[in-house]
Amino acid sequence: MITKQKGTYDIYGDSAKKRMYVNDILNALCEKYNFGYIETPVFEASELFHRGVGETTDMVQKETYDFVDRGERNITLRPEGTAGVVRWFVENKLYGNLTDPVKVYYNMKMYRYERPQSGRNREFTQWGFEVFGSDTCEADAEVISLAYNAYRLLGLEDVKIQLNSLGDTESRNNYREALIKYFEPHINDLCEDCQERFKKNPLRILDCKVDAESEIIKNAPKTIDYLNEESKKRFERLQELLDLMDIPYDVNTKLVRGLDYYNHMVFEVTLRDSYALGGGGRYNGLVETLGGPSVPGVGFAMGYDRTLLAMEEEGVNVPINNSVDVYLLAVSESEKETACYLAQNLRLNGFIADTDLMNKSLKAQFKSVDRFDAKYLIVLNDEDLQKNEVVIKDNKTKEEERVNINDLVDYIDMHM
RNA sequence: GCGGCGUUGGUGAAGUGGUUAACACGCCAGAUUGUGGCUCUGGUAUGCGUGGGUUCGAUUCCCACACGCCGCCCCA
């Protein structure tokens with residue numbers, strides 16, 4: 001037997017319906033914010049992610065699906081959405097006429113070679129969005145607003161924003177140096193992983209779970225103390241806007257996030273003050289890094305599967321319609337012909353209709369009625385059909401009514 | 001990539017080194033001669049993840065691998 005690959009999964013049944021429900025909500029919300037839908041290719045030149053996400057990040061170093069194709073191109077399955085969208089933005093020269101910001105949202109499969117756990121797979125979905133061309137705090141606030149309200153609309157009440165600012169390039173570099181200087185004498189008191197982080201990406205030490213309670217990390221320099229005047233002002237302004245929109249947030253100076261491209265505002269959306277369901281931030285240098293002009297950008301991505309899990313844990317009630325409007329029962333050949341015709345007719349008139357396709361006994365067809373939770377059932381009967389009539393039964397009230405076959409659609413329309 | 005736990009039918013699951021692998025749900029058929037959902041009766045596994053090994057004999061013991069779950073790394 002051929003089985004699915006590690007870390008992949010099939011989506012079907014009720015969980016497929018849940019996803020459709022979530023998709024509909026998210027898509028509609030994005031449209032309200034006047035974002036346009038975009039899809040980019042699953043695979044891109046490996047270089048895109050190496051340059052975009054950051055050569056030194058673990059995501060690129062050990063988690064990407066890389067391969068050489070038959071034309072000897074170096075290909076990578078996208079591990080995140082932003083790099084591909086930026087590539088699209090640059091390749092299509094959308095920066096050429098930036099009278100308005102370019103706002104796009106996506107809902108795409110991503111691939112990372114990781115050890116699977118629940119809410120984390122090798123193939124997974126991220127829903128996210130990006131804004132190009134605006135360097136304003138209002139753009140930052142809009143992005144956070146969209147992210148926050150997405151979770152709220154999905155029924156997750158207890159969500160909050162974790163907010164930090166890395167500042168502009170100058171501030172970020174100053175901070176990085178201060179951090180290195182601070183940690184250097186303490187390096188042997190930190191855990192092994194942190195000693196590794198110290199070399200590769202010292203900012204990540206702040207994220208460490210092992211040393212989280214240690215005085216060393218608690219007393220470490222804070223990002224906001226190293227913001228220059230302008231960066232500080234921006235950060236304050238952003239907070240004002242969030243206050244104005246009633247979006248709850250905590251300033252979390254330890255939040256640095258893993259990808260190299262962020263500057264200024266970074267944020268995560270957390271559930272119950274614990275784990276993050278999504279994150280984003282500003283990336284003013286990324287477009288340039290990927291071969292475009294200097295165009296500011298800001299964006300967000302939601303861990304789709306994780307969010308679905310969270311909804312389950314929180315007991316969010318997702319309305320799933322598993323019931324059929326009308327089920328047609330038929331046994332004889334002529335009854336089945338009528339069933340075919342009527343089923344099509346009902347479907348084209350907007351009803352969910354179904355009928356037996358397996359030549360089952362009438363009794364077995366009644367079981368199907370129950371399984372499909374049909375609102376109405378019609379037992380076709382040759383005698384009635386001679387008179388152009390059908391008997392339609394309300395499956396809840398058990399009331400039966402004799403209806404002319406030509407009035408059937410109207411009848412159901414009136415009663416539903 | 002590292003560590004721990006797990007893997008029995010469509011589903012949930014019990015169980016044992018040795019004839020026919022519980023039970024429940026589901027499904028199918030009949031009682032009910034073309035109007036069901038209750039009840040009763042009967043039926044329902046390519047045989048216990050895959051491949052090796054130990055053994056007279058393994059689903060049960062050992063090893064490897066695969067997949068799943070949990071923790072780490074990482075990400076979100």
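All values below come from the heavy atoms of this structure, side chains included, with hydrogens, waters and symmetry mates left out. Keep in mind the model is a prediction, meaning the values are calculated, not measured. Sequence lines set the chain letters: A, B, ... in the order given, protein chains first and strands last, and positions in each chain run from 1.
- Residues A:D354 and A:R347 are paired through a salt bridge, judged by an N-O separation under 4.0 Å between the basic side chain and the carboxylate.
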Please evaluate residues A:Y9 and A:D305 with respect to the criterion side-chain hydrogen bond (donor to acceptor under 3.5 Å, both in side chains), reporting the C-alpha separation (whole Å), side-chain torsions for both, the decisive distance (0.1 Å), and the verdict. CA-CA 11 Å; A:Y9 51 95; A:D305 309 85; 2.6 Å; yes
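- The base of B:G68 lies outside donor-acceptor range of the side chain of A:R115, with no N or O pair under 3.5 Å.
- Interface remark: the A:N395 side chain does form a donor-acceptor pair with the B:G36 base, using a distance-only criterion of under 3.5 Å.
- Among the heavy atoms of the strands lying under 4.0 Å from A:E335 is at least one base atom, whether or not backbone atoms are also near.
- Salt bridge A:K393/A:E399: absent, no basic N to carboxylate O contact under 4.0 Å.
- Whole-Å rounding puts the A:D370 CG to B:C38 C1' distance at 12 Å.
- Looking at heavy-atom distances under 4.0 Å, A:L277 makes contact with sugar-phosphate atoms alone, never a base.
- One can place CG of A:N121 at 18 Å from P of B:C75, the figure rounded to the nearest angstrom.
- A distance-only check finds no donor-acceptor pair linking the side chain of A:R234 to the backbone of A:S165 [under 3.5 Å].
- Distance CG (A:D373) to P (B:G36): 19 Å, rounded to an integer number of Å.
- The A:R306 side chain lies nearest to B:A76 when the options are B:G34, B:C27, B:A76.
- For A:R120 against B:C74, a side-chain N or O and a base N or O form a donor-acceptor pair under 3.5 Å.
- Contact of A:K367 with B:G26 (side chain to base): no donor-acceptor pair of N or O atoms is detected under 3.5 Å.
- Following rounding to the nearest Å, A:K6 (NZ) and B:C65 (P) show an atom-to-atom distance of 11 Å.
- Looking at the side chain of A:E63, the nearest of the listed nucleotides B:G36, B:C28, B:C74 is B:C74.
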